[in-house]
Q: 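Please see the structure below; I have some questions.
Hydrogens, waters and symmetry mates play no part in the numbers below; they use all other heavy atoms, side chains included. In what follows, every chain begins at residue 1, and chains take the letters A, B, ... in the order their sequences are listed.
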There are 2 protein chains.
Amino acid sequence: MSRTAVVVGAGLSGSLMSVYLARRGFAVRVLERRGDPRTPGVREEGRSINLGLSQRGIVALREVGLLDRLKPATVPMRGRVVHAPDGTLRFQPYGTEEDQVLHSVLRHDLNVALIDEAERLGVDFRWGHRVTAVDRTVPSVIAGEEHAADLVVGADGAFSAVRAQLARGLRMDLHQEYLEWGYRELLIPLDDGGKPRTDPYALHVWPGDDGLIVAHPNADGTLTATIFLPFEGPAGFAGLDTPERVRAFFADRFPDVPALIPDVVEQFLDHPPASLVTIRASPWHTATDDGRGTVLLGDAAHAVYPFYGQGMNAAFEDCSVLDRCLAAHPDDLPAALAAFERFRRPHTDVLAELSKRNFVELRDRVRSPLFLARRKADLLLHRWFPRAWVPLYTLVSHTTTPYGEALARVRRQDRLLGGVTAALTGAVLAGLAHRSRAGRKVS
Amino acid sequence: MSRTAVVVGAGLSGSLMSVYLARRGFAVRVLERRGDPRTPGVREEGRSINLGLSQRGIVALREVGLLDRLKPATVPMRGRVVHAPDGTLRFQPYGTEEDQVLHSVLRHDLNVALIDEAERLGVDFRWGHRVTAVDRTVPSVIAGEEHAADLVVGADGAFSAVRAQLARGLRMDLHQEYLEWGYRELLIPLDDGGKPRTDPYALHVWPGDDGLIVAHPNADGTLTATIFLPFEGPAGFAGLDTPERVRAFFADRFPDVPALIPDVVEQFLDHPPASLVTIRASPWHTATDDGRGTVLLGDAAHAVYPFYGQGMNAAFEDCSVLDRCLAAHPDDLPAALAAFERFRRPHTDVLAELSKRNFVELRDRVRSPLFLARRKADLLLHRWFPRAWVPLYTLVSHTTTPYGEALARVRRQDRLLGGVTAALTGAVLAGLAHRSRAGRKVS
């Protein structure tokens, strides 16, 4: 008899996990609070419109055979176009290899493709089902009626109802931290001739220590820009509350944006900013004595800031790792869940830290010559020694090296770089001393 | 017209705060989920039975004129009796001053005294009122009917319903961390002759890296012991699940305890262990444009581990600090709440860290000769320079120096101690070198 699974959440991670589970022979039911996104008029709110698919997400989609089918709907981004305040553009390729590209994809398209594939494999989606309770001792999920299963998966996002239910009576550590910045999305439309207004095969970045913009291209030539600003202060969302103030702000801080987004003022004032949260929880799983269990994954287990572009990619990698743990323990679900949490959590903890750090770097990059110098050295060493020396961004975005190992490797590189810098400094000082002694001899 | 306040929670911090507010002229209503503790048969569950009142709590009780009335119900503890595994006892006085004592008090007695005093001042207690919603824009509390007020105080403990309600739609940072150890309370009864079984004017400690016991005396000569153990493992609560195992455990680890608690096995197995949690939240307060506000205090704002004996004392100090902020801003409630949070939170954050650290110290103390040596030097210096050199424990327990300032001062002392140690080491080495040279001369 096949095992049963109930997945809570039909978002990206829940629908991908349902595909993995169906392929592994589980009879899968998915419970989703919202309506079917394939129904016209069902809007997904409070979530980013498009996303950058990088290596970890690509590998997972390839594993379930969906990558080629999705390719036509994605836009390759070969690098970063950095917009300076004076309007000059600088292109930074993502990597030295041909395959070191990111793919921009609409959340909606990706989600529908995953749901279609899951249904093709027999997954039973129940729309408009809000979870009100979870009994981890069965385990079962109450959403109107009770849904019991061998495996319950909480893939219901940063404010997971499954996680909140598991926390009752379980000693669950929880760390929830909001960024003092929020974000708003803005559409860069086609120009009057129906052409893209800026390079549609790159990610665009407007860095800044008091506000930054990131834009991903869409398949139709438009781009979706996300502006990140402090919530408070006169140059934050709170202060930018009139058309005059918004217009003056863009003219001053991002002068090339109004040409790309003619109705930027209206778009900016159209809806309230969204917030950014980091969440870490522990434990992620529980098990029963008779071999069933409950597990969290994706944002429900570890929400991260978007500044490394890894939220979706890490969630997809979760699905892939959990699937491998299920394969390694085919007859022992509790062992599979324990292995998943034991292996995976240290790496997503590292990702949370990296994503926080990358916010600080994106924000402060413009004013740190030391940071820029180290970054240049980093890229140069990568060009000279493409296998031996790999920058952190490349390891995170273009490989599937576990996050923790990526960080450990880069720390070794950094120590070496520090050593090289010290050696070079020493050599320069020795040279100076030599010249100085030589000088004295002459005098 | 007098201002109104609704306090959620009639525990120690809520009832003390209601006294402060009533004295400041507020019309106060207290909403409590449980029944009136003065009613026979109403049990307080999941909370420690007695507590150590130290300087911060004493000062607050004195401010509201309750200290003298409470004195007869408290037991002074002049120091610590440390029980070694071989049964030997070591007495460590708390301080060099006569007033450096702690007072053991029953939670129930203290709570009833506070409620009685609040009622005397006109506070309106509503028992059996469970909060289901808080509207911070009014502000008001829904507990059956709606209770609106100028000031809403959430004093409803570590799992505060007010905090959970404030967190909805507010960007509230939350850190919740459980200790891997839990605790159980055990009663040390009088002996057959009706006499205390051990010194009733001290706090008793059985240190250990795999389990520890702390006991506070009660006014009737009994003591309440709290045993702290890991939840998991054969020597943790999970493994100690049969009378044989419990008996063998105490015989091995705490051999003098069965003589103090003849029915220790029965008591130990009587009820499940309780857990220990650290909670930090931010923000603690919100305000409306028309000058009203909501604020958290005590465990609702900052739950700490009990290993510094400061949970209640810090909560009482919160009440005292909030009262002073209200006095400093008599016509501006939002300013008073902002001042309270701004001044107080850094110090309770430090307390959370100190309480975690003290767990590690209590646990590992027995096996760190370096720690013991430093502690001895610390106490010796305090004896020599009682004003200039004060150990951290003394600053935390026997003064009202804000926690953050206490830590900063002790860090300065530690650096000095490090310097003194280095100087002494240097002197010793110099002496050795001199002797060595002298030796060579002779040879």
Q: Where does A/Ile279 contact chain B at under 4.5 Å (heavy atoms): side chain, backbone, both or neither?
A: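 For A/Ile279, no heavy atom lies under 4.5 Å from chain B.
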
Q: Can you tell me if A/Arg357 has over 12 outside heavy atoms packed within less than 6.0 Å of its CZ?
A: no

Q: Which pair of non-hydrogen atoms, one from A/Asp173 and one from B/Tyr178, has the smallest distance, and what is that distance?
A: OD1-N, 2.5 Å

Q: Can you confirm whether A/Asp289 is buried at CG, in the sense that more than 12 heavy atoms of other residues, nucleotides or ligands lie under 6.0 Å from that atom?
A: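 Atom CG in A/Asp289 is not packed in, count stays at 12 or less.
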
Q: Are the side chain of A/Gln176 and the backbone N or O of B/Met172 linked by a donor-acceptor pair below 3.5 Å?
A: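 Judged by distance alone, yes, a pair lies under 3.5 Å.
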
Q: Heavy-atom pairs under 4.5 Å with chain A - which of B/Glu177, B/Arg280, B/Glu180 has more of them than the others?
A: B/Glu177

